[in-house]
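Comments concern the structure below.
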Amino acid sequence: MTPSRSGAGAGPQPGSSVVLGVGGGIAAYKVCEVLRRLTESGHEVTVVPTAAALRFVGAPTWEALSGRPVSTDVFTDVPGVPHVRIGRSADLVVVAPATADLMARAAHGLADDLLTSTLLTARCPVVFVPAMHTEMWDHPATQANVATLRARGALVVEPAVGRLTGADSGKGRLPEPEQIMQVVTSVLARGITGAGLDLAGRRLVVSAGGTREPLDPVRFLGNRSSGRMGYALAGAAAARGAKVTLVAANVSLAAPAGVDVVPVGSTAELRESMLAAAAGADALVMAAAPSDFRPVAASRDKIKKAADGSAPVVELEQNPDILAELVAVRAGAALPVIVGFAAETGDDGADVLEYGRAKLARKGCDLLVVNDVSAGKVFGREDTEAVLLASDGTSTSVPAGSKAALAEVVWDAVVARIVAAPEPDTH
Ligand code: CTP
């Protein structure tokens, strides 16, 4: 086992020892792609399928893609004691697809094959990626087993909503390989142990993307936000065990695994969805770029070019400030922790951080992530660098790196504030 890692920004850890447990579901075929990506990322992967999994995808496929032999029972290579060795030496166990039956066996501590034995001996992070029909997922027996596994420190990813095996669709679909890899990368980078799922049981709301204010049925006022930062935040929080609502304004990225996405268009829609989702949340993060202005009236018909060559004059009015409103609704309570973003450029009057401090005070939020966007930095890019300003006067510089790494720093600061918050008085 490689040493336990923690701290944000550690980044993907190539060379980790990963156990890929495969349950007996049709989605096993998608997990071949996960395996390929794991090995291409430099991880050593031991595939442990169940006997039922091999009815969907045969052993030669797993062996060829992992470069290692596979077995399903504890009676192969007995002198090597694989049912103990494989779990003990793992840095991470990922079970995908995690079927209802497999999670039931794991929740009850059965050890009737190599995979369930491995789950009992593993002392590393364990991630279950369920896939099954909606009825099976919703059944109280499955929900109780999921709750048991989560209570013991496993990360059980919420299934995706979409097309299932037959013509039906609903909740229960395996997230796409890319989304599974994001979870794996995030967990490995943090070196999470059971207790490290520090957002488990928390409800978080994140906004992402740029709003569009309609001018007419085909035109809008918009901005260059890609939504990447908000999506990175949502994915990182879900990988730390949180239940995440992601209010996404015009984002074309794939949703992170296990995250509830609420699509919106305009600032008015974003405001409505944020206020609705805020009730009872532990933290709210405004990573979206709402348009500050909107046309006073959107034309019902497409605005035509005038024959005389003149251009229309569009009258604008200010949009509400959602972040300030969320702070006002909280009205002095410690929770939810509220986080804003500020894309700033410095000028002769003040530098980027001075503008950031002033904005933090003006908005009244707890944390403000300040990006310097001079010369086209940050927008639409994969990487970022920022300073995290806190209302208690402290600041944290986050060096250039991935948006996923910045997301971890933001959640570290949020966790510290959630933990420090006084329990609400329920009397
Ligand atoms: N924000 C918001 N509602 C708006 C505009 C911005 O909630 N109508 C949020 C953004 O999501 C971000 C923070 O406020 O978290 C700061 O956004 P920014 O555009 O920098 O702030 P503005 O108040 O618009 O300030 P400026 O006058 O500098 O544009």
Side-chain angles (χ1 to χ4, degrees), residues 204-214 220-234 237 245-251 262 264-278 281 283-296 316-330 336-374 376-380 384 386-391 398 403 406-407 409-411 413-414:
L204 312 177
V205 185
V206 178
S207 70
T211 61
R212 293 178 179 179
E213 310 300 324
F220 57 82
L221 281 181
N223 62 66
R224 294 168 58 199
S225 174
S226 66
R228 282 200 177 89
M229 189 63 233
Y231 273 52
L233 280 159
T245 303
L246 177 58
V247 183
N250 311 297
V251 182
V262 179
V264 295
S266 65
T267 297
E269 289 168 15
L270 177 60
R271 172 183 172 274
E272 198 176 314
S273 296
M274 284 304 291
L275 288 171
L284 310 171
V285 183
M286 279 297 297
S291 168
D292 287 328
F293 310 103
R294 65 178 170 220
V296 169
L316 302 177
E317 63 187 358
Q318 268 201 24
N319 265 323
D321 186 326
I322 304 168
L323 184 57
E325 207 168 333
L326 292 170
V327 170
V329 169
R330 178 180 65 170
V337 176
I338 301 181
V339 186
F341 272 72
E344 300 288 348
T345 55
D347 56 28
D348 294 342
D351 67 17
V352 168
L353 283 187
E354 284 168 327
Y355 280 122
R357 282 249 164 254
K359 188 165 286 181
L360 177 67
R362 199 165 64 240
K363 300 263 184 178
C365 52
D366 304 293
L367 297 161
L368 190 75
V369 183
V370 182
N371 292 127
D372 180 350
V373 290
S374 327
K377 284 191 254 176
V378 178
F379 273 109
T384 186
V387 177
L388 181 61
L389 300 178
S391 56
V398 186
K403 289 184 176 175
L406 172 58
V409 178
V410 172
W411 292 129
V414 167

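Nothing here was measured: the structure is a model prediction, and the numbers come from that model. When a ligand or atom number is given, it counts from 1 through the structure's own listing order.
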Non-hydrogen atom of Q318 closer than 4.0 Å to ligand 1: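 No.
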Heavy atom of R271, distance to ligand 1 below 4.0 Å: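 Heavy atoms of R271 never come under 4.0 Å of ligand 1.
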The single option from D366, I338, V409, V339 passing side chain to side chain contact (heavy atoms under 4.5 Å, CB included) against V414: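 Testing V414 for a side chain to side chain contact (heavy atoms under 4.5 Å, CB included) against D366, I338, V409, V339 leaves exactly one candidate, V339.
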How far is [atom] from its nearest protein heavy atom, and which residue and atom is that?
{"atom": "atom 14 (O) of ligand 1", "answer": "K363 NZ, 3.0 Å"}
{"atom": "atom 13 (C) of ligand 1", "answer": "F341 O, 3.0 Å"}
{"atom": "atom 11 (O) of ligand 1", "answer": "A288 O, 2.7 Å"}
{"atom": "atom 27 (O) of ligand 1", "answer": "R362 NH2, 4.4 Å"}
{"atom": "atom 20 (O) of ligand 1", "answer": "K359 NZ, 2.5 Å"}
{"atom": "atom 7 (O) of ligand 1", "answer": "L323 N, 2.7 Å"}

Within 6.0 Å of CD in Q318, more than 12 heavy atoms from elsewhere: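 No, because the 6.0 Å sphere around CD of Q318 holds 12 heavy atoms or fewer from other groups.
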E269 CD: over 12 foreign heavy atoms closer than 6.0 Å: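 Atom CD in E269 is crowded, with more than 12 foreign heavy atoms closer than 6.0 Å.
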Pick whichever of [options] has a heavy atom sitting closest to [atom].
{"atom": "atom 5 (C) of ligand 1", "options": "D321, D292, I338", "value": "D292"}
{"atom": "atom 2 (C) of ligand 1", "options": "V339, T267, I322, T211", "value": "I322"}
{"atom": "atom 4 (C) of ligand 1", "options": "A249, A287, P290", "value": "P290"}

[X] side chain to [Y] main-chain N or O, any donor-acceptor pair under 3.5 Å?
{"X": "E213", "Y": "T267", "answer": "yes"}
{"X": "S207", "Y": "A287", "answer": "yes"}
{"X": "N371", "Y": "A386", "answer": "no"}
{"X": "D351", "Y": "L353", "answer": "yes"}

Contact (N/O only, under 3.5 Å) between P320 and ligand 1: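 Yes: some nitrogen or oxygen of P320 is under 3.5 Å from one in ligand 1.
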Any side-chain heavy-atom pair of L388 and V369 under 4.5 Å: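 Result yes, sub-4.5 Å side-chain heavy-atom pair found.
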pair L326-M286: side-chain heavy atoms closer than 4.5 Å: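 Counting from C-beta outward, L326 and M286 do come under 4.5 Å.
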For G340, atoms of ligand 1 separated by under 4.0 Å from a heavy atom: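 Those qualifying, in numeric order: 15 (O).
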Those atoms of ligand 1 less than 4.0 Å from some heavy atom in M286: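 With M286 as reference, the close atoms of ligand 1 come out as 7 (O), 11 (O), 12 (C), 15 (O).
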